[in-house]
Amino acid sequence: MNRTAPSSAALDYRSDTYRDAYSRINAIVLEGEREAHANYLTLAEMLPDHAEALKKLAAMENRHFKGFQSCARNLEVTPDDPFARAYFEQLDGNFQQAAAEGDLTTCMVIQALIIECFAIAAYNVYIPVADAFARKVTEGVVKDEYTHLNFGQQWLKERFVTVREGIERANAQNLPIVWRMLNAVEADTEVLQMDKEAIVEDFMIAYGEALGDIGFSMRDVMKMSARGLAS
Ligand code: Y39
Ligand code: FE
Ligand code: FE
């Protein structure tokens with residue numbers, strides 16, 4: 001894919017403007033990695049047959065967390081943790097509620113499909129505009145995120161007939177939240193020169209491919225992945 005960034009101005013990674021935007025985006029990433037770690041541990045308890053694999057995914061998320069912490073340290077940025085917690089509150093609330101109800105399908109859709117695709121899209125778009133240190137870290141991380149997406153994709157695919165409606169419901173409930181989350185940090189992603197349209201495009205590709213492989217028709221994929229996009 002063409003990833004020539006339409007960078008108008010050269011990035012000054014040390015500027016106050018950059019570091020201020022980074023304090024929120026990096027905090028979001030850290031909170032996301034922290035929650036992803038916890039979510040895979042929760043899934044390991046819900047799915048004893050896959051506990052070993054899921055614990056490995058959780059351990060990877062913990063490494064991602066540490067990697068992105070070092071990116072903030074490298075730029076002498078203090079992540080805005082309260083901002084990030086509020087940012088993820090709704091999505092995390094829905095995951096926790098689904099877990100409490102033993103709703104594995106919704107948990108898988110939220111963490112292993114939606115959040116992983118969000119991460120893949122954001123990290124792919126960040127890599128070409130990241131500082132050299134963060135680029136190395138993020139390149140390593142994004143490979144793992146595809147592994148995580150694959151796990152959820154495979155699990156849902158194997159039981160498509162029984163989980164199909166649950167996936168549609170979880171999608172309708174949670175995808176609009178993610179589109180709102182992306183809109184909410186538009187000013188900050190712009191400072192980092194992360195093109196929002198490119199993030200949307202990358203998300204659509206990863207999410208659409210996953211839904212198609214799981215068993216949805218092209219028509220369903222289009223309908224589902226645009227859910228809440230315009231709002
Ligand atoms: O599986 C994972 O590691 C996912 C938790 C990480 C998601 C990180 C969310 C990135 C959002 C970046 C914000 C800019 C749009
Ligand atoms: Fe991760
Ligand atoms: Fe992940």
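Atoms within each ligand, like the ligands themselves, are counted from 1 in listed order.
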Self-check item: Side-chain donor-acceptor pair present, Ser15, Asp12, cut-off under 3.5 Å
Solution: no
Quiz item: For Glu33 and ligand 1, does the shortest N/O to N/O distance drop below 3.5 Å?
Solution: yes
Quiz item: If you look at every heavy atom in Glu145 and Glu33, which pair is closest and at what distance?
Solution: OE2-OE2, 3.2 Å
Practice problem: Give the residue and atom name of whichever protein heavy atom lies nearest to atom 14 (C) of ligand 1, and the separation in Å to one decimal. | Solution: Thr189 CG2, 3.9 Å
Exercise. Could you check atom 12 (C) of ligand 1 against the protein and tell me its nearest heavy-atom contact, residue, atom and distance included?
Key: Ala122 CB, 3.8 Å
Quiz item: In terms of atom number and element, which parts of ligand 1 are under 4.0 angstrom from non-hydrogen atoms of Glu61?
Solution: 1 (O), 2 (C), 3 (O)
Practice problem: State, to 0.1 Å, how close Leu75 and Arg19 come at their nearest heavy-atom pair, and which atoms those are. | Solution: O-NE, 2.9 Å
Practice problem: Determine, for Arg85 against Asp80, whether the closest basic-nitrogen to carboxylate-oxygen distance falls under 4.0 angstrom. | Solution: no
Quiz item: For the Fe ion (ligand 3), does an N/O/S atom of Asp144 lie at less than 2.8 Å?
Solution: no
Exercise. Would you mind listing which atoms of ligand 1 come within a distance below 4.0 Å of any non-hydrogen atom of Glu145?
Key: 1 (O), 2 (C), 3 (O)
Quiz item: Has Glu33 got an N/O/S atom less than 2.8 Å from the Fe ion (ligand 2)?
Solution: yes
Self-check item: Heavy-atom side-chain proximity of Trp155 to Leu104 below 4.5 angstrom
Solution: yes
Quiz item: At a 4.0 Å cut-off, with the gap strictly under it, does some heavy atom of Met181 reach an atom of ligand 1?
Solution: no
Quiz item: Where does the angle between the aromatic ring planes of Tyr18 and Tyr13 fall among parallel (under 30°), tilted (30 to 60°) and perpendicular (over 60°)?
Solution: perpendicular
Quiz item: Where do Pro128 and Arg135 come nearest, in terms of heavy atoms and distance?
Solution: O-NH2, 3.9 Å
Quiz item: Any idea which N/O/S atom from His148 gets closest to the Fe ion (ligand 3)?
Solution: ND1
Quiz item: Measuring to the Fe ion (ligand 2), does His64 have an N/O/S atom at a distance below 2.8 Å?
Solution: yes
Exercise. Please identify which atoms of ligand 1 are closer than 4.0 Å to at least one heavy atom of Gly32.
Key: 5 (C)
Quiz item: Does Phe151 have its ring centroid less than 6.0 Å away from the ring centroid of Tyr146?
Solution: no
Quiz item: Do you know which N/O/S atom name in Glu145 is closest to the Fe ion (ligand 3)?
Solution: OE1
Quiz item: So which heavy atom in the protein is nearest atom 4 (C) of ligand 1, and how far is it from that ligand atom?
Solution: Ile115 CG2, 3.5 Å
Self-check item: Taking atom 13 (C) of ligand 1 as the reference point, the nearest protein heavy atom with its distance
Solution: Ile28 CG2, 4.1 Å
Quiz item: Gly212 and Val221: which non-hydrogen atoms are nearest, and at how many Å?
Solution: N-CG2, 3.8 Å
Quiz prompt | Which residue and heavy atom of the protein sit nearest atom 11 (C) of ligand 1, plus the separation | solution = Phe118 CE2, 3.7 Å
Self-check item: Any Tyr126 heavy atom less than 4.0 Å to ligand 1
Solution: no
Exercise. Kindly compute the distance separating CD (Glu168) from CD (Gln173), expressed to the nearest 0.5 Å.
Key: 14.0 Å
Quiz item: Looking at Glu61, which of its N, O or S atoms is the nearest one to the Fe ion (ligand 2)?
Solution: OE1
Self-check item: Ligand-side contact atoms (ligand 1) for residue partner Gln111, heavy atom cut-off under 4.0 Å
Solution: 1 (O)
Quiz item: So, Trp179 versus Phe203, ring centres under 6.0 angstrom or not?
Solution: yes
Quiz item: Can the ring centroids of Tyr207 and Phe118 be said to lie less than 6.0 angstrom from one another?
Solution: no
Quiz item: Of all the atoms in ligand 1, which lie at a distance below 4.0 Å from a heavy atom belonging to Tyr123?
Solution: 6 (C), 8 (C)
Practice problem: Quick one: look up the protein heavy atom nearest atom 15 (C) of ligand 1 and list residue, atom name and how far away it is. | Solution: Leu182 CD1, 3.6 Å
Quiz prompt | Any donor-acceptor N or O pair under 3.5 Å, side chains Asp92, Gln96 | solution = yes
Practice problem: Can you sort out which atoms of ligand 1 are near Ala119, meaning under 4.0 Å from one of its heavy atoms? | Solution: 4 (C), 6 (C), 7 (C)
